[in-house]
Engineer: 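One structure, pasted below without further comment.
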There are 2 protein chains.
Amino acid sequence: MSLQHILLGIIAEPKSGYDIKQEFDSSLKHFWFAELSQIYPALKKLVADDLARVEGVPSDKGPDKKLYSRTDAGTQALIDWLHTGPATSPVRHGFLGQVFFMGTQKDREAALKFFKELKAHYQARYAALQAVEAGWKAQCPTYPDGLGDDDFFMQMTLDAGLRFQRSYMDWCTNSIDRIKSRYHD
Amino acid sequence: MSLQHILLGIIAEPKSGYDIKQEFDSSLKHFWFAELSQIYPALKKLVADDLARVEGVPSDKGPDKKLYSRTDAGTQALIDWLHTGPATSPVRHGFLGQVFFMGTQKDREAALKFFKELKAHYQARYAALQAVEAGWKAQCPTYPDGLGDDDFFMQMTLDAGLRFQRSYMDWCTNSIDRIKSRYHD
DNA sequence: ATGCGCATGTAAGAGGTTACATGATTTT
DNA sequence: AAAATCATGTAACCTCTTACATGCGCAT
């Protein structure tokens, strides 16, 4: 349900499916992602529902680009989405399932290895978000509160990403300490 | 992919699909959940794959219960899963998508309302986890480090849940302050 | 000439949700 | 007498992933 709305948000400026995929991979990946094979049909559906229009333009290299942009109905559908209340569908965390049943396996070293790997994973994600933030800081010396109205809210999602990753990392660090003091002392 | 493994974890003791659903809703819901319509076929598949066995027993009320338990191959499959490394598939956060595009709508009060609703949502989840923790504390006076080996890891997932909810709440609080000081001063 | 980046898609399948279907017992 | 709880499932649908298919232009 959310993908359609997120696409509507992205095509405030005319964009092709290929452009959108790159935007997912660069600036949106901390909260959403989609494959091209999902994006193309979703854009078609927006047009079928009169929420977007297409315009074919020749490309420098490769086939023609299809640029999608919001119709007025599309903008309204986006705003309606913002008014339906926060989209907080519950989330599945496979790694917590693994921890939940980790007592099944008596190998303490395996448990430590697991948490160290998890911590490294979140550290990498954290570093990636910090790099995005650094780029933003370089562009705007009064970051974050001197940002324009649109960027203000976008930066909030980056702030959320940074906080959440830190929280995961802290939990890993603490868990490693607890395992060590329980089994290595 | 993870559901099968989580079911294997749960059926260390013989359990019916109905029992499992209740366990999801009570103690596992901070990291996983599943509908009965998904659980029943999944259990059948475990039996077909020789990872579980079934035993039909008469129930006090209602139809016969089918109790599922792990085979040795099932236990091995569970342990193998723990050795494949942390299951960190990326997560989609619809509400962050909404925040990302919140600048589209110029209504500041709507933005504040959104964040307050979100904060209330996470506060409710946090309170639910605290209640689970309180029950645990009542049972075990040396909580959390005096817990048995199995419970030790299970409690870690509760700790994770509490930390993550706090982190979401803090972000909401901070975002509300930022919106207020940007637009209400 | 081989592969990479640009640019479009389709098809099969896995995973998950919602709605439907059945029937017994216990509580209000 | 009606509703909730116990207990099993099936079917249609939606979302997302993985694999496949096509073809141009540019750099090595």
Side-chain angles (χ1 to χ4, degrees), chain A residues 1-8 10-11 14-26 28-29 31-49 52 54-68 81 87-94 97, chain B residues 1-8 10-11 14-26 28-29 31-49 52 54-68 81 87-94 97:
Chain A
M1 199 94 303
S2 294
L3 175 64
Q4 302 279 330
H5 293 114
I6 288 172
L7 291 177
L8 283 176
I10 297 177
I11 59 172
K15 289 201 169 63
S16 72
Y18 196 86
D19 295 338
I20 292 169
K21 170 63 174 162
Q22 293 188 320
E23 205 154 321
F24 272 121
D25 291 346
S26 60
L28 279 71
K29 69 159 171 268
F31 66 87
W32 207 272
F33 55 97
E35 299 300 323
L36 280 169
S37 59
Q38 198 188 357
I39 293 168
Y40 287 126
L43 287 170
K44 272 196 179 173
K45 181 147 196 305
L46 288 181
V47 175
D49 293 346
V54 212
E55 185 200 0
V57 296
S59 165
D60 309 348
K61 19 179 163 177
D64 282 9
K65 288 180 90 136
K66 292 191 180 179
L67 296 183
Y68 291 83
W81 183 50
T88 52
S89 45
V91 159
R92 290 175 171 88
H93 286 299
Chain B
M1 200 95 302
S2 293
L3 175 65
Q4 301 280 331
H5 293 114
I6 288 173
L7 291 177
L8 283 176
I10 297 176
I11 58 172
K15 289 201 169 63
S16 72
Y18 196 86
D19 295 337
I20 291 169
K21 171 62 174 164
Q22 293 188 320
E23 204 153 320
F24 272 120
D25 291 347
S26 60
L28 279 68
K29 69 158 170 271
F31 67 86
W32 207 271
F33 55 97
E35 298 301 323
L36 279 170
S37 59
Q38 198 187 358
I39 293 169
Y40 287 126
L43 287 170
K44 272 196 179 174
K45 181 146 197 306
L46 288 181
V47 175
D49 293 348
V54 212
E55 186 200 0
V57 294
S59 166
D60 310 349
K61 21 177 162 181
D64 281 9
K65 289 180 89 136
K66 292 191 179 179
L67 295 182
Y68 291 83
W81 182 49
T88 53
S89 45
V91 159
R92 291 174 170 89
H93 287 298

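Just so we're on the same page: letters track the sequence lines, and every chain starts at 1.
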Engineer: Distance criterion of 3.5 Å, no angle test: do you see the side chain of A:Ser37 paired donor-to-acceptor with the base of D:dT18?
Structural biologist: yes
Engineer: Check every atom of D:dA7, C:dA7, D:dT18 against the side chain of A:Asp19 and return the nucleotide holding the closest atom.
Structural biologist: C:dA7
Engineer: Nearest nucleotide by nearest heavy atom, which residue falls closer to the 5' end of DNA chain C, A:Tyr68 or B:Ala34?
Structural biologist: A:Tyr68
Engineer: Rounded to the Å, how far apart are B:Lys65 NZ and D:dA7 P?
Structural biologist: 4 Å
Engineer: Just wondering, do B:Leu8 and B:Trp81 contact through their side chains at under 4.5 Å, heavy atoms?
Structural biologist: no
Engineer: What is the distance, to the nearest angstrom, from the CZ atom on A:Arg92 to the P atom on D:dT15?
Structural biologist: 15 Å
Engineer: Looking at B:Lys66, I'd like to know whether one of its side-chain N or O atoms comes within less than 4.0 Å of OP1 or OP2 on D:dG9.
Structural biologist: yes
Engineer: Under 4.0 Å from OP1 or OP2 of D:dG9: is there any side-chain N or O of B:Tyr40 that close?
Structural biologist: no
Engineer: Using whole Å, report how far OH of B:Tyr18 lies from C1' of D:dG9.
Structural biologist: 14 Å
Engineer: Figure out the NZ/P separation between A:Lys15 and C:dT8, and round it to whole Å.
Structural biologist: 13 Å
Engineer: Measure the distance from CG on A:Leu36 to C1' on D:dA21 and round it to the nearest whole Å.
Structural biologist: 14 Å
Engineer: Looking at B:Ser16, I'd like to know whether one of its side-chain N or O atoms comes within less than 4.0 Å of OP1 or OP2 on D:dA7.
Structural biologist: no
Engineer: If only side-chain N and O atoms of A:Gln38 are considered, is one of them under 4.0 Å from the OP1 or OP2 phosphate oxygen of D:dT15?
Structural biologist: no
Engineer: Rounded to the nearest Å, what distance is computed from the CE atom of residue A:Met1 to the P atom of nucleotide D:dC16?
Structural biologist: 10 Å
Engineer: Within 45° of the six-membered ring axis of A:Phe33 and under 6.0 Å from that ring's centre, is NZ or CZ of B:Arg92 located there?
Structural biologist: yes
Engineer: Would you indicate whether the side-chain heavy atoms of A:Val57 and A:Asp64 approach each other to under 4.5 Å?
Structural biologist: no
Engineer: Provide, to the nearest angstrom, the distance between the CD1 atom belonging to A:Ile20 and the C1' atom belonging to C:dG9.
Structural biologist: 15 Å
Engineer: Output yes when at least one side-chain N/O atom of B:Gln22 is less than 4.0 Å from OP1 or OP2 of D:dC6, else no.
Structural biologist: yes
Engineer: In this structure, how many angstroms lie between the P atom of D:dT5 and the CG atom of B:Asp25, rounded?
Structural biologist: 13 Å
Engineer: Do A:Tyr68 and A:Val47 have side-chain heavy atoms sitting under 4.5 Å apart?
Structural biologist: yes
Engineer: Side-chain N or O of A:Lys44 versus OP1/OP2 of C:dT10: is the shortest distance under 4.0 Å?
Structural biologist: yes
Engineer: Which residue, B:Gly17 or A:Gln4, contacts DNA chain D at a nucleotide closer to its 5' end, judged by nearest heavy atom?
Structural biologist: B:Gly17
Engineer: With a 3.5 Å distance limit and no angle check, can you tell me whether B:Asp19 reaches the backbone of B:Ser16 through a side-chain donor-acceptor pair?
Structural biologist: yes
